[in-house]
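Scroll down for the structure; my scribbles are underneath it.
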Amino acid sequence: MNKLLGSLLLLGITSAPAMAKNILDKLTVAPGFVVSLFADDVENARQIAVSKKGIVYAGSRKAGKVYALIDHNSDGVADKKIVIAEGLNMPSGLAIKDGDLYVGEVHRIIRFKNIDTQLKDPKFDVIYNALPSERHHGWKFLRFTPTGELLIPVGVPCNICAEDERYGRIFSLNVETKQIKTIAQGVRNTVGFDFHPSTQALWFSDNGRDMMGDDIPPDEINRVSKEGEHFGFPYVHAGAIIDPEFGKGKNIADYTSPALALAAHVAPLGIHFYNGKQFPANYKQQLFVAEHGSWNRSKKSGYKVALATIEQGRVTKYTPFITGFMKDEATFGRPVAFAELGDGSLLVSDDYANVIYRVSYKKN
């Protein structure tokens with residue numbers, strides 16, 4: 001043991017990998033499941049995506065980095081981490097299509113072609129650079145539609161402000177023609193969406209406004225039923241609350257209500273429809289939600305992974321799946337986003353603990 005490490009241990013300070021392992025002791029997962037560490041020391045891990053070769057890519061926000069995580073022996077633990085890009089502008093969101101890795105910075109979308117074969121010295125080209133440059137709610141989450149267009153959210157550059165066609169929307173980008181259109185509007189800040197595997201309906205999370213108190217307005221899980229649908233912001237919140245500043249003269253019925261109204265300030269980020277074969281059948285096509293957790297509530301809320309049971313397009317139940325990221329106002333982790341490995345296990349990123357968890361089902 002070197003002198004520095006010995007001193008840290010005497011002070012009760014452990015190394016980053018040790019701290020990451022310690023969080024597992026605090027987490028409780030649904031019966032029959034096991035949470036393990038797929039990777040640690042992944043600074044500010046945000047959206048994750050898995051290539052056909054099984055390489056896991058992770059974006060970051062504060063770190064400005066994009067990582068490649070490789071599990072050479074397929075034991076469920078990454079044994080190599082490569083920083084493939086750094087110094088980027090909040091590269092939180094990423095997606096893979098046809099072997100290419102697309103990364104969403106605040107102001108642009110970049111692409112690393114054939115990324116699995118270019119890990120040593122990857123180069124990128126700029127796909128789209130006409131996005132707003134405001135960093136407040138400017139970080140991205142990316143996903144390709146079933147028809148091959150790229151979904152890009154642009155949050156509002158404020159807590160609450162007047163509607164502007166550049167912000168508060170989910171856009172769809174044709175990466176070849178560069179044509180962009182609005183898929184959903186009245187969206188304050190979404191950094192998580194997914195398509196239902198059977199119906200192909202787009203569902204997304206949305207973080208409600210602040211400064212209306214501890215308990216209102218609710219955060220939201222929404223379902224898009226038509227292109228350009230308006231979900232209320234800044235006039236109506238959660239399909240039920242008229243905004244005291246911007247809602248005058250507005251009619252609640254003119255805006256789409258959420259599929260699920262969550263507690264206020266729980267900050268739902270990534271959402272994911274499970275489509276693997278490892279988990280029990282009743283988890284198939286059900287929606288996992290990462291509640292990142294409150295930042296300005298008098299008593300913390302959120303800080304969990306939950307499961308929304310969906311039947312015939314409606315949420316019929318919402319239950320905790322992983323808890324323990326926060327206890328007695330102390331924060332240990334903050335879940336962000338999901339991805340599935342080829343074996344059907346579920347990855348969950350955590351930008352506070354700087355780790356990526358792997359959730360597997362332990363058959364009796």
Side-chain angles (χ1 to χ4, degrees), residues 38-39 42 45-60 64-105 108-129 131 139-153 171-180 191-195 197 200 202 270 272-277 336-349 356 358:
F38 175 78
V42 185
R46 296 284 290 191
Q47 192 176 5
I48 42 181
V50 183
S51 72
K52 288 185 177 179
K53 287 187 177 181
I55 297 176
V56 176
Y57 295 91
S60 66
K65 299 176 182 179
V66 179
Y67 310 91
L69 304 161
I70 306 172
D71 177 9
H72 287 102
N73 60 0
S74 300
D75 66 348
V77 180
D79 44 56
K80 187 171 186 179
K81 179 185 74 174
I82 302 172
V83 176
I84 64 171
E86 56 187 330
L88 299 178
N89 186 8
M90 289 186 170
S92 180
L94 45 75
I96 296 173
K97 185 177 185 294
D98 300 329
D100 299 340
L101 176 67
Y102 293 76
V103 176
E105 296 184 82
R108 66 181 182 176
I109 307 298
I110 61 177
R111 176 179 63 186
F112 296 84
K113 298 197 74 173
N114 302 311
I115 185 61
D116 283 357
T117 63
Q118 307 291 334
L119 295 178
K120 288 186 178 180
D121 188 25
K123 306 296 183 184
F124 66 80
D125 56 328
V126 177
I127 294 300
Y128 190 77
N129 64 356
L131 296 170
W139 50 93
K140 302 292 183 275
F141 182 96
L142 303 182
R143 193 175 298 282
F144 279 93
T145 72
T147 56
E149 296 185 325
L150 182 63
L151 292 186
I152 307 168
F171 294 102
S172 175
L173 173 70
N174 184 312
V175 297
E176 301 301 329
T177 68
K178 315 306 181 189
Q179 293 298 307
I180 195 165
V191 280
F193 35 83
D194 199 7
F195 290 91
Q200 302 302 307
L202 175 65
H272 176 76
F273 284 104
Y274 181 75
N275 206 33
K277 297 180 179 179
V336 176
F338 306 95
E340 286 181 30
L341 291 177
D343 65 357
S345 57
L346 185 68
L347 299 180
V348 185
S349 61
I356 297 175
R358 176 175 175 262

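Counting only heavy atoms from C-beta outward, the side chains of Lys80 and His72 approach each other to under 4.5 Å. A 4.5 Å side-chain heavy-atom check between Tyr128 and Ile180 finds at least one atom pair inside the cut-off. For the pair Lys65 and Pro91, the minimum side-chain heavy-atom distance is 4.5 Å or more. Between Tyr102 and Lys97, the closest side-chain pair of non-hydrogen atoms falls below 4.5 Å.
The side chain to side chain contact (heavy atoms under 4.5 Å, CB included) search around Asn129 returns Arg108, Val126, not counting sequence neighbours. Residues satisfying the side-chain hydrogen bond (donor to acceptor under 3.5 Å, both in side chains) test with Asn275, not counting sequence neighbours, are none. For Asp98, the salt bridge (Lys or Arg N to Asp or Glu O under 4.0 Å) test picks out no residue, with sequence neighbours left out. In this view, Thr147 and Thr145 satisfy the side-chain hydrogen bond (donor to acceptor under 3.5 Å, both in side chains) rule, not counting sequence neighbours. Under the side chain to side chain contact (heavy atoms under 4.5 Å, CB included) criterion, Ala68 pairs with Ile55, Tyr57, Ile82, Ile84, Leu119, sequence neighbours left out. Asp343 pairs by the side-chain hydrogen bond (donor to acceptor under 3.5 Å, both in side chains) definition with Ser345, Arg358, not counting sequence neighbours.
Without hydrogens or angle criteria, Tyr67 side chain to Val56 main chain gives no donor-acceptor distance under 3.5 Å. Glu340 contributes a side-chain N or O that, together with a main-chain N or O of Gly276, makes up a donor-acceptor pair within less than 3.5 Å. Asn174 places a side-chain N or O within 3.5 Å of a backbone atom of Thr177 that can act as its donor or acceptor partner. In this structure, Gln47 contributes its side chain and Leu94 its backbone to a donor-acceptor pair below 3.5 Å. Here the side chain of Lys178 pairs a donor or acceptor atom with the backbone of Ile127 at under 3.5 angstrom. Between the Ser92 side chain and the Arg46 main chain, no donor and acceptor come within less than 3.5 Å of each other. Panel note: side chain Asn89, backbone Glu105; no donor-acceptor pair is recorded below 3.5 Å. Remark: side-chain polar atoms of Asp100 are paired, donor with acceptor, to backbone N or O of Asn114 under 3.5 angstrom.
The distance from the CZ atom of Phe124 to the CG atom of Leu88 is 6.0 Å, given to the nearest 0.5 Å. Atom CG of Leu69 and atom CD1 of Ile356 lie 5.0 Å apart (nearest 0.5 Å).
In this structure, Leu142 and Gly93 approach most closely via the heavy-atom pair CD1-O, 3.8 Å. A pairwise comparison of heavy atoms in Ser349 and Ile48 identifies N-CD1, 4.1 Å as the closest pair. In this structure, Val50 and Ala339 approach most closely via the heavy-atom pair CG2-CB, 4.0 Å. Contact detail for Lys140 and Pro153: the closest heavy-atom pair is CD-O, 3.0 Å. Heavy atoms only, all atoms of each residue included: Asp194 and Phe273 are closest at OD2-N, 2.8 Å.
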Margin query: Would Asp125 and Arg111 count as a salt bridge (Lys or Arg N to Asp or Glu O under 4.0 Å) here? Give the steps.
Written below: CA-CA 5 Å; Asp125 56 328; Arg111 176 179 63 186; 2.8 Å; yes

